[in-house]
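Below is one structure, written out as structure tokens; comments come after it.
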Amino acid sequence: MERLASGKMACPDHPTAPPTITVEPSSGIVCVFKFTCSYCGVLVESNKMSEKDANNRFTLNTQLAFGTILAGGHRSTAETIAVHLGLPPPVTLSEWAKDMEYLREVTSKVADRSMYQAAEEAVEAVNDTDITVSCDGTWQRRGFSSKNGVATVITHSKDKPGKVIDVEVMSSYCFTCSRYDDDAPKHNCTKNHQGTAGSMETTGMVRIFCRSLEKRGTRYLNYLGDGDSKAFSAVKDAMPYGPDTTIEKLECVGHVQKRMGTMLLSKVEQCKGKEFSWRGRKHRGIGGLGKLNKSTIMAIQVQYGIAIRNNIGDLEGMKRCIWAIWHHKNKNHSDCGTSCPAVNGTGDGNANSLPIFVLNEIKPVFETLSEKSLLKKCLHGGTQNNNESFHKIIWSYCSKNQFVQRCRLELAVNCAVVHFNDGVTNLSSVYNYLNISVGQQLAKHLYGKDFLRVGSAQKLLGKEGNGRRKRKISSKPDNQDYQAGAF
Ligand SMILES: [Zn+2]
Ligand SMILES: [Zn+2]
């Protein structure tokens, strides 16, 4: 076959015969355009769409499958798009499953490399192979009905952004097992969890800790997690680093901060029937106007969080700043910060003071929440916010609304790891593994997503994040805009 000087394709023996063009749907959305000599029938050329990979599979179908995952969709999504474009539907369900499995393998290589690098960076940051990690779990569905969950571990350091260092995808479902009750034939079972959805985080976390030395070359000696973490107790009991090495529990400042609001609210509830006399008048309860109303409780909770986060590594300072909140409400401003109106002289520092009978009732809350044993676990000032953001990315690649098997969830998690650690653009390294070149449009598209990501992070750090949080008592703790004494 050859091209004539005019650029037209032609048969070498019959250059003047016009080619016959046939279109053959062959597999999935792939259509092969064939140019044959109209005189002798020899194949002159076929189109690029029919490129195949090393496994003799059409790369275009794999590309469609990968694009569908990144859009958070499924085969049905791809079918809707393909037929609207006038293309044949995607490959059959069983072929699609093969593509998923293949992509799972490839993405797990890319994700694993990324997590290994995260471990190296974390070790470098503290110059120690014993590191601090924040741990959390996420489920595809709320409550105990979830058959899929993920345990996630993210590095934590004072001045470096956290990165995902390990994940464990848990599933209590297997398609084959569910078809045959107890007598399922030998099969590649996708179930890797027995028991309740609640115990998924626990099991996953133990697995992650037990392989940390072997897989990441590090020990996770500080466990940052929420209050009554069953997963932490299980990890501790598993003694992943031997009986002589203890793992320290650190508290998520966000969760501790919420306790302030919860405890104050329940104090108000407890005191509802109680009578107080103050300044010659009788008062029922400690809630309501001029006393402990919801916005005051919210302000105290925010201040409490700030007192912790502004005193990272300084236990005494933390304690002093927490009590400064109480004293400020009692018109004593000796420990107030410069943003207290009584200190900077911009206004009436006592405008928001509380009656002493209210302060006396809430004093025990301050005592509990300023205990050294608790504050010690908050000295790092960290939260599980990173885990929460990472979980959001996972579920953007795998909708919570449609049940999936483990392979599909693992794919989403792998992509989320790369996205969270290195940016969306780095998902193109999956294409390197697949030996598919990344076109300009795709590169632009991925880059655009990273650009948006950076943009929205900046927005959150700026002014726009405040309004939404202000209204909620159980607000997220990553808001540094309030200053001590500003209530
Ligand atoms: Zn099975
Ligand atoms: Zn003050």
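Since this is a predicted model, take the numbers as computed values, not measurements.
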task = Inspect the contact between R75 and E79 and indicate whether a charged nitrogen and a carboxylate oxygen are less than 4.0 angstrom apart.
result = yes
query = According to the salt bridge (Lys or Arg N to Asp or Glu O under 4.0 Å) rule, which pairs have a member within residues 340-365, sequence neighbours left out?
reply = K274-E361
request  = Inspect the surroundings of NZ in K291 and state if more than 12 heavy atoms from other residues, nucleotides or ligands are less than 6.0 Å away.
outcome  = yes
request  = For the pair H283 and F357, name the ring-plane relationship: parallel under 30°, tilted 30 to 60°, perpendicular over 60°.
outcome  = tilted
query = With sequence neighbours left out, what residues match N192 under side-chain contact (heavy atoms from CB on, under 4.5 Å)?
reply = E168, M170, S171, R207, R406
Full working for side chain to side chain contact (heavy atoms under 4.5 Å, CB included) between Y241 and D130 = CA-CA 11 Å; Y241 311 121; D130 295 340; over 6 Å; no
query = Going by heavy atoms in the side chains, are T152 and F420 under 4.5 Å from each other?
reply = no
Q440, CD: over 12 other non-hydrogen atoms inside 6.0 angstrom = no
task = Step through the shown structure and confirm whether more than 12 heavy atoms of other residues, nucleotides or ligands are within 6.0 Å of CZ on F403.
result = yes
ask   = Between N387 and D136, which heavy-atom pair has the shortest distance, and what is it?
value = ND2-N, 3.5 Å
ask   = With a 6.0 Å cut-off on ring centres, are H333 and H327 close enough?
value = no
message = Could you report the tightest heavy-atom contact between Q402 and Q140, atom names first, then the distance?
response = O-NE2, 2.9 Å
ask   = Which pair of heavy atoms, one from D99 and one from A65, lies closest together, and at what distance?
value = CB-CB, 4.2 Å
message = Quick test of your reading of the model: are D166 and K215 salt-bridged, counting only N-O distances below 4.0 Å?
response = no
message = A side-chain contact here means heavy atoms from C-beta on lying under 4.5 Å apart; do M100 and Q405 qualify?
response = no
ask   = For the residue pair W323 and F366, does the interplanar ring angle fall in the parallel (under 30°), tilted (30 to 60°) or perpendicular (over 60°) class?
value = tilted
inquiry  = Suppose we screen for side-chain contact (heavy atoms from CB on, under 4.5 Å). Which residues come up paired with C189, at least two apart in sequence or across chains?
reply    = C174, C177, H187, K191
ask   = Any salt bridge between D314 and K319, counting N to O under 4.0 Å?
value = no
query = Between R259 and T368, is a side chain to side chain contact (heavy atoms under 4.5 Å, CB included) present by the stated rule, with each step listed?
reply = CA-CA 10 Å; R259 278 184 220 166; T368 309; over 6 Å; no
inquiry  = Strictly distance-based, threshold 3.5 Å: is any side-chain N or O of H156 a donor or acceptor partner for the main-chain N or O of I131?
reply    = no
message = Please check: side-chain N/O of T190 versus main-chain N/O of Y173, any donor-acceptor pairing under 3.5 Å?
response = yes
Distance-minimising heavy-atom pair for W278 and I356 = NE1-CG2, 3.9 Å
ask   = Does the side chain of C415 come within less than 4.5 Å of F66's, by heavy atoms?
value = yes
query = Should E316 and K372 count as an ion pair when the cut-off is N to O under 4.0 Å?
reply = yes
ask   = How far apart are the closest heavy atoms of V256 and E251, and which atoms are they?
value = CG2-CB, 3.5 Å
